[in-house]
Amino acid sequence: MSDCLFCKIINGEIPSTKVYEDDNVYAFNDIDPQAPFHIIIVPKDHIASGNDLTDENSAIVGHIFSAAAKIAKEKGFAENGWRIVNNCGKDGGQTVGHLHFHLLAGRNLQWPPG
Ligand code: AMP
Ligand code: ZN
């Protein structure tokens, strides 16, 4: 999508600090980290939000979770734990219209979130 911030990050038009990449997924440091480790994991294909997931395109979500597990092991926080967050729509706090998953770690994350 031409006017999508995360599509522009994926194709390099907007700079990012890459943490992980494969054929289907791109992951980069969040610009406003809420934990010592805070990255954004996105599908390379533009999907606007969780509302747009279907039986046909949702395999990417499992792929994103397996990428998260790999990153957690590689970065050394698998044992202490981590959190994935997906904000969907206005009330869910979504501010960028490209499906994305926050991966947070490196501190004792509180529950419930705000
Ligand atoms: P959300 O509120 O769930 O839509 O999350 C959007 C996230 O994208 C926020 O945590 C922002 O800090 C992050 N973000 C926005 N612009 C950039 C950028 N240019 N590079 C990295 N992260 C960004
Ligand atoms: Zn996009």
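Whatever order the structure lists ligands and atoms in, that order sets their numbers, starting from 1.
Among heteroatoms of the N, O or S kind in H46, ND1 lies nearest the Zn ion (ligand 2).
Contacts of H38 classified as ring pair (Phe, Tyr, Trp, His ring centres under 6.0 Å), with partners at least two apart in sequence or in another chain: H102. Residues satisfying the side-chain hydrogen bond (donor to acceptor under 3.5 Å, both in side chains) test with N24, not counting sequence neighbours, are none.
Remark: E13 CD is packed, more than 12 non-hydrogen atoms of other residues, nucleotides or ligands lying under 6.0 Å away.
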Are there any protein N or O atoms under 3.5 Å from the N or O atoms of ligand 1? List them with distances, or say none.
unit_1	atom_1	unit_2	atom_2	d
ligand 1	2 (O)	G93	O	2.9
ligand 1	2 (O)	T95	OG1	3.1
ligand 1	3 (O)	N87	ND2	2.8
ligand 1	3 (O)	H100	NE2	2.9
ligand 1	3 (O)	H102	NE2	2.8
ligand 1	4 (O)	T95	N	2.6
ligand 1	4 (O)	T95	OG1	3.1
ligand 1	4 (O)	V96	N	3.1
ligand 1	4 (O)	H100	NE2	2.9
ligand 1	5 (O)	H100	NE2	3.1
ligand 1	5 (O)	H102	NE2	3.2
ligand 1	10 (O)	D30	OD1	3.3
ligand 1	10 (O)	D30	OD2	2.5
ligand 1	12 (O)	D30	OD1	2.5
ligand 1	22 (N)	I31	N	3.2

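Using cut-offs of 30° and 60° for the angle between ring planes, the F28 and F6 rings count as perpendicular.
To the nearest 10 degrees, the Zn ion (ligand 2) sees SG of C4 and ND1 of H98 at an angle of 110°.
Sorted by first and then second residue, the salt bridge (charged side-chain N to carboxylate O under 4.0 Å, His left out) pairs involving residues 17-34 (not counting sequence neighbours) are K18-E21, E21-K44.
Clustering ILVMFWY residues whenever any of their side-chain heavy atoms sit less than 4.5 angstrom apart, transitively, puts F37 in a cluster other than the one holding V42. Y26 and V96 fall within a single hydrophobic cluster, where Ile, Leu, Val, Met, Phe, Trp and Tyr side chains are chained together by heavy-atom contacts under 4.5 Å.
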